[in-house]
Amino acid sequence: MKIAIINGPNLNLLGKRETDIYGNMPFEKYLDELKTTFPRVDFHYYQSNVEGELINELQRVGYEFDGIVLNAAGYTHTSVAIGDAIAAIKTLVVEVHISNVHSREDFRKLSHVSGKSAGSIFGLGLKGYELAVRWFVDK
Ligand code: DQA
């Protein structure tokens, strides 16, 4: 099965960005662990800091992949267009946030992604990605 993991802005800095919130592990290293945990899953990883590029990627994978795990990062709280893209495509999306967005600043409580997604996971660290993939695999 084909699963796309799409990470939004600043998540290329995982491991060196606000490590008290986001931890010490670069995402590429975590992805290697995911691939070991799910040897039969064909993972496609994409990260961009650019809103339109994230939308292009959602549209690219959104008709033939079996699942999309999306951490739209800061765009979660601002991007009507990313929400529209999720609504437009056929592949289900699971929203993931590393931190608990509901225990932080108020502006992080708004998500343009949640209402268009199959479900949301937040506050469980990088483990949230594994749980999202597990959901697609078990489905
Ligand atoms: C984040 C939470 C967002 O509020 C923030 O802008 C991020 C990361 C998370 O994974 O916890 O960049 O999506």
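Both counts, for ligands and for their atoms, begin at 1 and track the order of listing. Every heavy atom of this structure was used, including side-chain atoms; hydrogens, water molecules and symmetry mates were not.
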**OP:** Mind checking whether T76 contacts ligand 1 via backbone (N, CA, C, O), side chain (CB onward), both or neither, at a 4.0 Å heavy-atom cut-off?
**Re:** neither
Original post:
Relative to the heavy atoms of H77, which atoms of ligand 1 are at a distance of less than 4.0 Å?
Top reply: 3 (C), 4 (O)
Original post:
Should the proximity of H97 to ligand 1, defined as any heavy atom under 4.0 Å, be assigned to the side chain, the backbone, both, or neither?
Top reply: both
Original post:
Heavy-atom contacts under 4.0 Å between E18 and ligand 1: side chain, backbone, both, or neither?
Top reply: neither
Subject >> Region of Y22 that comes within reach of ligand 1 [heavy atoms, distance under 4.0 Å] >> reply: side chain
Original post:
For ligand 1, is there an N or O atom under 3.5 Å from any N or O atom of L11?
Top reply: no
Original post:
Do Y129 and N7 have side-chain atoms, one donor and one acceptor, less than 3.5 Å apart?
Top reply: yes
Subject >> Sub-4.5 Å side-chain heavy-atom contact between V133 and T37 >> reply: no
Subject >> Salt bridge present between K29 and D32 (N-O < 4.0 angstrom) >> reply: no
Original post:
Starting from atom 6 (O) of ligand 1, which protein heavy atom do you reach first, and at what distance in Å?
Top reply: R108 NH1, 3.1 Å
**OP:** May I ask you to check whether E53 and S48 show a side-chain donor-acceptor distance below 3.5 Å?
**Re:** yes
**OP:** May I ask you to decide if L126's main-chain N or O and Y30's side chain share a donor-acceptor pair within less than 3.5 Å?
**Re:** yes
Original post:
Does V101 come within less than 4.0 Å of ligand 1, judged by its heavy atoms?
Top reply: yes
Subject >> T76 side chain to E95 side chain, donor-acceptor N/O pair below 3.5 angstrom >> reply: no
Subject >> Numbered atoms of ligand 1 (with element) below 4.0 Å of S99, judged on heavy atoms >> reply: 2 (C), 9 (C), 11 (O)
